[in-house]
Peer 1: 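The structure's right below; bear with me while I get my questions together.
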Protein chains: 2
Amino acid sequence: MRHLTLLQHVVEVARSGSIRKAAERLNITSSALNRRVQDLEEELGTPLFERRARGVSLTTAGEMFVSTAQHHLSEMDRFRSQIEELRGLRRGVVRIACSQALAQDFLATQIAAFQNDRPKVAFELKVTDHETALAALRDYEVDLALVFHAVIGTGIAVTARMPQRLAAIMRADHPLAAQRTVRLAECASYPVALPDRTLGSRQLIDQVASRQELRFQVAAESGSFEMLRGLVMRGNAISFQIEIGAPPRDVHSDVVARQIDDRDLPQADLSLCQLRGRSLSVAAALFIERLAQAMQVARKVP
Amino acid sequence: MRHLTLLQHVVEVARSGSIRKAAERLNITSSALNRRVQDLEEELGTPLFERRARGVSLTTAGEMFVSTAQHHLSEMDRFRSQIEELRGLRRGVVRIACSQALAQDFLATQIAAFQNDRPKVAFELKVTDHETALAALRDYEVDLALVFHAVIGTGIAVTARMPQRLAAIMRADHPLAAQRTVRLAECASYPVALPDRTLGSRQLIDQVASRQELRFQVAAESGSFEMLRGLVMRGNAISFQIEIGAPPRDVHSDVVARQIDDRDLPQADLSLCQLRGRSLSVAAALFIERLAQAMQVARKVP
DNA sequence: TTGAGCGCTGCTTAAAATGCAGCGTTCATC
DNA sequence: GATGAACGCTGCATTTTAAGCAGCGCTCAA
């Protein structure tokens, strides 16, 4: 879209915080970009950026402009998507931000099922902690975010919600593996490998642990679920994961999941989030619809 | 806005139904406009207009584009308005479509009061029948519409509503002027000057008349309230107007208004309408707010 | 059958955006 | 306190883009 470049350029300057950096990203010279910004500011009769020694930052007017521009760019994306739908191409990109726990099993299944119907739809997955995920949603970087136990502000709408319990994961030969459910206090008797503090499951654990005055023997702490699983397998530690990311019995390894006793757990939700007021591409809207449905269904089956 | 011209151009072509006509309105040559359209179509990979012998008409994709474009143009208008507000200029334009009944008294008062606070805000008034008024609202030609007894479809939101009775207006020396209220049947004994069928008040009268099987002595029929008032004054006819457009005693003439008996009247509303999903300029939003308030207050006082 | 009105295109000309090189400034670093 | 990297900005030459002009072929009402 030729007439959208100006908007994209300004948004990029805002993102980069520097005209030169933005120009590099956009593959134009900084002088060209600089003049585009200046022309726009002159036309509007008001500066959009404050010039600082190490770059630029948005003025109030600039923030308003960027917000409008982002919205319009998103609308145009959606328009193009509808055009393609009209032409029967059924293409599209769905961009998702989610926490690690979901990526491996739940989302992979959902995406595969969706692509069965619409093979030309591509997916972009961004795996992060929930704060970054919601920020990406706010910045129009992703179409939807799937977050666990997050504080969701206004501006973001929760399309579906799914209560999630925490599961303890351990090796099949771990003493606690004999039980159907475990209590958190029991886990304290063994070495544990905890998710780090950016992750929702850890925040949940900390909450419970401090209430029950539990002290874990923390063998390790990591932001990576692969790492934690590795520690479980090779170090015989206990780790924790939300149930949707922890199938009761993993066929590919000797790791098992054991539900934690209900009495120990506060309520925590897995939330499917969209940006309020934003219309999505056909592909993204369809996928969200199915995902929401899958979450409802999964909720019914305990 | 330099980068908005393309959108404006396409919208204008859609409005005009012809590239040449649109080009004339836009003060450019038809070849230039033609090529802009073609370039855009090529870029989108889909035609926006169907070429017909006597001009062009929108394709489905074209309709979608125009709708998005209009929305974005309106957003940018709003953005500029907010900029000016930020700079303390407090300027702006409020564009209104309303029926004649309201223009003379009610709206004039409201506008004058508003301009007392914000003298730099200009008003554009479009006086028409209610269908045209709602169409203008839908086409982003006006910011708000004030219509009486209209069928309001989805896509248009009613911000405030005010039940309105009909009043009979007549010369002070008319026999019926002696009464505080009149019945519609009584009016049938005298010559009447009726609003024409485009006007909401006429539709209301027709409704009642047909139910009560009344036959009026129709002395005249007109779409102009000035004309009707003239006939009342000079021909001693009775005419009708909604109460908000008919002050009980007009100091500038010998015309008086007498309320019609409640038993004769079906419910009819004066509605303040906005386009759903559209954000308005600061001035327009403020004016609407006050107008809505005024309508609530007016409703309280019977 | 004719002519007015339409969309479209080749060519020329005017305008706008871009790249290049370089200026003055700020600020972390040594 | 000197230094250099990073930044925004500007004059000028160049390229790219858009606009205007004239004219073609087409359709359809008169």
Side-chain angles (χ1 to χ4, degrees), chain A residues 1-66 69 72-73 76, chain B residues 1-66 69 72-73 76:
Chain A
M1 301 278 227
R2 199 106 207 88
H3 66 285
L4 294 181
T5 53
L6 180 59
L7 301 189
Q8 292 168 330
H9 287 184
V10 173
V11 169
E12 185 54 50
V13 171
R15 280 175 56 92
S16 306
S18 142
I19 293 181
R20 280 183 126 109
K21 281 209 190 86
E24 198 174 349
R25 275 171 176 258
L26 296 165
N27 293 314
I28 53 173
T29 55
S30 70
S31 63
L33 183 53
N34 180 45
R35 253 185 286 252
R36 295 205 88 169
V37 172
Q38 284 183 106
D39 289 350
L40 180 62
E41 289 179 325
E42 192 182 355
E43 190 187 323
L44 293 172
T46 194
L48 298 176
F49 294 96
E50 271 173 22
R51 273 66 175 177
R52 346 202 84 205
R54 286 277 170 270
V56 295
S57 66
L58 284 169
T59 62
T60 308
E63 272 173 22
M64 280 162 39
F65 184 87
V66 167
H72 185 232
L73 288 170
M76 275 299 175
Chain B
M1 299 280 226
R2 197 103 207 93
H3 66 285
L4 294 179
T5 54
L6 180 59
L7 301 188
Q8 290 167 332
H9 288 183
V10 174
V11 169
E12 185 55 48
V13 171
R15 280 175 57 93
S16 306
S18 146
I19 293 181
R20 282 184 123 106
K21 282 210 190 84
E24 199 173 349
R25 277 171 176 257
L26 296 166
N27 295 313
I28 54 172
T29 56
S30 70
S31 65
L33 183 53
N34 180 46
R35 254 187 281 251
R36 296 206 85 169
V37 172
Q38 283 182 92
D39 289 350
L40 180 60
E41 288 179 326
E42 193 182 354
E43 190 186 324
L44 293 171
T46 194
L48 298 176
F49 294 96
E50 271 174 22
R51 273 66 174 177
R52 345 204 76 183
R54 288 274 169 273
V56 295
S57 66
L58 283 170
T59 62
T60 307
E63 272 173 23
M64 281 162 38
F65 184 87
V66 167
H72 181 60
L73 288 171
M76 276 301 176

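A note on names: the letters A, B, ... follow the listed sequences, proteins ahead of strands, and every chain is numbered from 1.
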Peer 1: Do B/Thr5 and B/Arg36 have side-chain heavy atoms sitting under 4.5 Å apart?
Peer 2: yes

Peer 1: State, to the nearest 10°, the angle formed by the axis through the first five base pairs of the helix from C/dT1-D/dA30 to C/dC30-D/dG1 and the axis through its last five.
Peer 2: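 Taking five pairs per end, the axes differ by 30°.
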
Peer 1: Does a side-chain N or O of A/Gln38 approach OP1 or OP2 of D/dG8 to a distance below 4.0 Å, or not?
Peer 2: no

Peer 1: Which protein N or O atoms sit under 3.5 Å from an N or O of nucleotides 26-30 of chain D?
Peer 2:
from: D/dC28; atom 1: O4'; to: B/Arg54; atom 2: NH2; distance (Å): 3.3
from: D/dC28; atom 1: O2; to: B/Arg54; atom 2: NH2; distance (Å): 3.4

Peer 1: Do B/Phe49 and B/Ile19 come close enough that some side-chain heavy atom pair is under 4.5 Å?
Peer 2: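 Answer no - side chains too far apart.
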
Peer 1: Would you please classify the geometry between the A/His3 ring and the A/His72 ring as parallel, tilted or perpendicular, with 30° and 60° separating the classes?
Peer 2: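 Answer is tilted, since the angle falls between 30° and 60°.
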
Peer 1: Holding to side chain to side chain contact (heavy atoms under 4.5 Å, CB included), I want the full list of residues that pass it with B/Ala61, two or more places apart in sequence or in another chain.
Peer 2: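 Partners of B/Ala61 under the side chain to side chain contact (heavy atoms under 4.5 Å, CB included) test: A/Ile83, A/Leu86, B/Thr46, B/Leu48, B/Thr59.
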
Peer 1: Using heavy atoms and a sub-4.0 Å distance, could you list which residues of residues 16-25 of chain A are near DNA chain C? By number, please.
Peer 2: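 Those residues whose heavy atoms fall under 4.0 Å from DNA chain C, taken from residues 16-25 of chain A, amount to none.
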
Peer 1: Would you mind telling me which of B/Val10, B/Val13, B/Val66 makes a side-chain contact (heavy atoms from CB on, under 4.5 Å) with B/Leu58?
Peer 2: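 When side-chain contact (heavy atoms from CB on, under 4.5 Å) is applied between B/Leu58 and each of B/Val10, B/Val13, B/Val66, only B/Val66 qualifies.
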
Peer 1: To the nearest 0.5 Å, tell me how far A/Leu33 CG sits from A/Arg20 CZ.
Peer 2: 11.0 Å

Peer 1: With rounding to the nearest 0.5 angstrom, report the CG to CE distance, B/Leu7 to A/Met76.
Peer 2: 5.5 Å

Peer 1: For the OG atom of A/Ser57 and the CD atom of A/Glu63, what is their distance to the nearest 0.5 Å?
Peer 2: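 Going from the OG atom of A/Ser57 to the CD atom of A/Glu63 covers 9.0 Å.
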
Peer 1: I need the A/Leu26 CG to A/Lys21 NZ distance, nearest 0.5 Å.
Peer 2: 13.5 Å

Peer 1: Measure the CD-OG distance between A/Glu24 and A/Ser30 for me, rounded to the nearest 0.5 Å.
Peer 2: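 A/Glu24 CD to A/Ser30 OG: 10.0 Å, rounded to 0.5 Å.
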
Peer 1: For A/Arg51, does the CZ atom have more than 12 heavy-atom neighbours from other residues, nucleotides or ligands under 6.0 Å away?
Peer 2: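 Count over threshold, so yes.
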
Peer 1: Are A/His9 and A/Leu40 side-chain neighbours, meaning at least one heavy-atom pair lies under 4.5 Å?
Peer 2: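 Not in contact.
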
Peer 1: For D/dG8 and A/Asn34 - does any side-chain N or O of the residue sit under 4.0 Å from the phosphate oxygens OP1/OP2?
Peer 2: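 So the side chain of A/Asn34 is outside the cut-off, no N or O lying under 4.0 Å from OP1 or OP2 of D/dG8.
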
Peer 1: Which pairs, protein N/O on one side and nucleotides 17-20 of chain D N/O on the other, fall under 3.5 Å?
Peer 2:
from: D/dG20; atom 1: OP2; to: B/Thr29; atom 2: N; distance (Å): 3.1
from: D/dG20; atom 1: OP2; to: B/Thr29; atom 2: OG1; distance (Å): 3.2
from: D/dG20; atom 1: O6; to: B/Arg35; atom 2: NH2; distance (Å): 3.0

Peer 1: Please find the earliest and latest nucleotides of DNA chain C, in the 5' to 3' direction, that have an atom within less than 4.0 Å of any heavy atom of chain A.
Peer 2: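 Nucleotide range with atoms under 4.0 Å of chain A: C/dT18 to C/dC27.
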
